[in-house]
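All chains are named by letter (A, B, ...) in the order of the sequence lines, taking the proteins before the strands, and each is independently numbered beginning at 1.
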2 protein chains.
Amino acid sequence: MRSNDGSDGDGSGGDGGAAGFEASLVAAGVTFDGRDATLLRAIADAGSVSGAASELGRSRARALSRLETLEDAFGDLVERRRGGADGGGSRLTRGARALLARFDRLAAALAGTAGAAESVFEGVVEGRDGELAVVDTDAGSLRALAVGDPDPAAGDRVQVSVRADAVTLHDPDGTPSADATSARNRFPGDAIGVDRGDAVVDVRVDVGAEEPLAALVTVDSADRLGLHEGGAVVASFKATATRATRSKAAGDADERTE
Amino acid sequence: MRSNDGSDGDGSGGDGGAAGFEASLVAAGVTFDGRDATLLRAIADAGSVSGAASELGRSRARALSRLETLEDAFGDLVERRRGGADGGGSRLTRGARALLARFDRLAAALAGTAGAAESVFEGVVEGRDGELAVVDTDAGSLRALAVGDPDPAAGDRVQVSVRADAVTLHDPDGTPSADATSARNRFPGDAIGVDRGDAVVDVRVDVGAEEPLAALVTVDSADRLGLHEGGAVVASFKATATRATRSKAAGDADERTE
DNA sequence: GGACGTTGTTTCGACATGGAAACAACGATC
DNA sequence: GATCGTTGTTTCCATGTCGAAACAACGTCC
């Protein structure tokens, strides 16, 4: 099992490179990326395609052409008016605003995902229960959502990932609530890393796997638990917040070239 | 507040289009995308760049050129050998395998995130406590991680998002555990949608906001709670699993064009 | 030494992308 | 009717991307 800290040194070059990643929406073979979002926003701000193109240092013909391509794939995005007061103008459709919102959410989700440490377990699927898979890992048996194409079947080697922000920590002597908590994956272990921020704490828990399980909790929670390095703790996370994907095969062919 | 079901009909065109989105890594102005990952994997499989290029229907010269560009940005990726047994060959470096792993994790995380319904609340930041923000929403006051660039400050209008898989449901008559649960955002409400799958249940909870809060729980949990449409339920989610980002301004200029 | 199959490099040509420029059309305003 | 500033459309040109093809170099194997 490995912990992946999403901000581990991608470098900071390039236009979108501050974050080290980019996300885009795809439909009908057309990609809606940050450049397209910028164009739509500039149109909304300027109230016209010509104003937006000028602002962005782009050719109006190309901007219009791009809008047509995007509209073919994503539906109407810009209402364009020729003549009239102000000579004409353009405004975003509801569809455009929805598309931008979706793009923003994707970007935010990615930023949230990339910024959140994620623990990865290696394991083997022991069985399936509908959308859930029971996976045997070094830390013990756990339940996870089977995702990917194709999703993992019994016997498959999988990688199980869980975000640090999905992990809840408990006092090992506490009485677990009888309601939803018994549907959670639970692992007792020892806190081997406790890094305090202003209001949140990064915790690493040795649950018996190769590498520690990462948890992100509030300072309030940590204090309430009396959390300290070396102390015993119980980590839990929902089955539905746990993902199992089939392990990828890259590198298997290396032995052939030796 | 809106719920965003990440799989809401993007269409299924294009190479990566089945999922409706793509993510890529960026370093030094160079983008590492699915096409690059496919090339690296084909090289590992074929044991040579020429074999890989042939398999992919690409020109060898371009594949080699692309590898050089990628290596300038991401470090050594392919060890290439000219002559020798088999005439030569190529193998992936550790760095290449790490890069592929990182790309896969990003893709998997995004797939996991996008496939999970996400509830979005509108709100205003009332105050900050280090990395956490206290946000006033229609559903009530909650705590969330302040993310984005710049991250939200007191007084900012924000969008608060929480994944359905981060939401835990409780019996309203149950005794909350005294440990970590009191650091959670908690909202009582009524289940207005209960859609059962084989092993997981999509639940929508009316918590008093404009749109319902989405939760993804196991069938076991739902049964244990006696969850049914119209029934009272308490929803909770960790502050550290909640994100607050500043609201975007697109569309504000629309009134100017009226 | 010749054969083999790879990497290394270059040239050519086709296609895609995108800015600059120009002409045409539109509808409100004066 | 003329003016204005937008949209609509087209052409031209420069740059970028990428496959096809060819020549060169390499090191093992026969």
Side-chain angles (χ1 to χ4, degrees), chain A residues 14-15 24 29-36 38-40 42-73 76-93 96 253-254 256-258, chain B residues 14-15 24 29-36 38-40 42-73 76-93 96 253-254 256-258:
Chain A
D15 290 344
S24 49
V30 178
T31 299
F32 184 91
D33 64 16
R35 194 164 185 252
D36 299 317
T38 298
L39 175 60
L40 289 184
I43 291 170
D45 286 346
S48 70
V49 174
S50 56
S54 176
E55 276 284 327
L56 299 176
R58 296 178 64 172
S59 87
R60 176 170 57 83
R62 292 290 160 255
L64 283 166
S65 175
R66 180 62 181 166
L67 286 174
E68 282 193 25
T69 299
L70 291 174
E71 290 185 322
D72 285 346
D76 288 347
L77 301 176
V78 177
E79 288 170 2
R80 301 189 276 280
R81 199 184 71 249
R82 177 202 289 210
D86 305 317
S90 298
R91 56 183 291 189
L92 299 192
T93 63
D254 280 0
R256 284 204 327 239
T257 57
E258 302 280 30
Chain B
D15 291 345
S24 48
V30 178
T31 300
F32 183 90
D33 64 17
R35 193 164 188 254
D36 298 316
T38 299
L39 175 60
L40 288 185
I43 290 169
D45 286 347
S48 70
V49 175
S50 55
S54 176
E55 275 284 329
L56 300 175
R58 293 178 67 171
S59 87
R60 177 169 59 82
R62 290 292 157 257
L64 283 166
S65 175
R66 181 63 182 165
L67 286 174
E68 282 193 24
T69 299
L70 292 174
E71 290 186 319
D72 286 346
D76 289 346
L77 300 176
V78 178
E79 288 169 2
R80 302 190 276 282
R81 199 184 71 250
R82 180 200 288 208
D86 305 318
S90 298
R91 56 182 293 191
L92 299 191
T93 63
D254 280 356
R256 281 201 334 233
T257 56
E258 300 279 33

Checking the side chain of [X] only, and the main-chain atoms of [Y] only, is there a donor and an acceptor separated by less than 3.5 Å?
| X | Y | answer |
| --- | --- | --- |
| B:D33 | B:D36 | yes |
| B:T38 | B:G34 | yes |
| A:E71 | A:L77 | yes |
| B:S90 | B:R80 | no |

Report task. Indicate, with a heavy-atom threshold strictly under 4.0 Å, whether A:G88 touches base, sugar-phosphate, or nothing. Result -> sugar-phosphate
Query raised in the report: When we call it a touch if two heavy atoms are under 4.0 Å apart, what does A:G89 touch: a base, just sugar-phosphate, or nothing?
Result: sugar-phosphate
Query raised in the report: Can you tell me how far OG of A:S48 sits from CZ of A:R91, rounded to the nearest 0.5 angstrom?
Result: 14.0 Å
**Report entry** Minimum-distance pair of heavy atoms, taken over all atoms of A:L40 and A:L92
**Finding:** O-CD2, 3.6 Å
Query raised in the report: chain A on DNA chain D: first and last contacting nucleotide, 5' to 3', under 4.0 Å to a heavy atom?
Result: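 Range of nucleotides touched by chain A: D:dG5 to D:dC12.
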Report task. For A:E68 and for B:R66, find the nucleotide of DNA chain D with the closest heavy atom, then tell me which residue's nucleotide is more 5'. Result -> A:E68
**Report entry** Integer-rounded Å distance: C:dT6 P and B:R91 CZ
**Finding:** 17 Å
Report summary line: B:L64 CG to C:dT10 C1', in whole Å, measures 13 Å
Report task. Find which nucleotide of DNA chain C each of A:A63 and A:G83 is nearest to by heavy atoms, and output the residue with the more 5' nucleotide. Result -> A:A63
Query - Carboxylate-amine/guanidinium proximity below 4.0 Å for A:E55 and A:R60 - result: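 Answer for the salt bridge query: no.
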Report summary line: Counting primed atoms, P, OP1 and OP2 as sugar-phosphate and everything else as base, the B/S/- map of nucleotides 11-17 of chain C against protein heavy atoms under 4.0 Å is BB-----
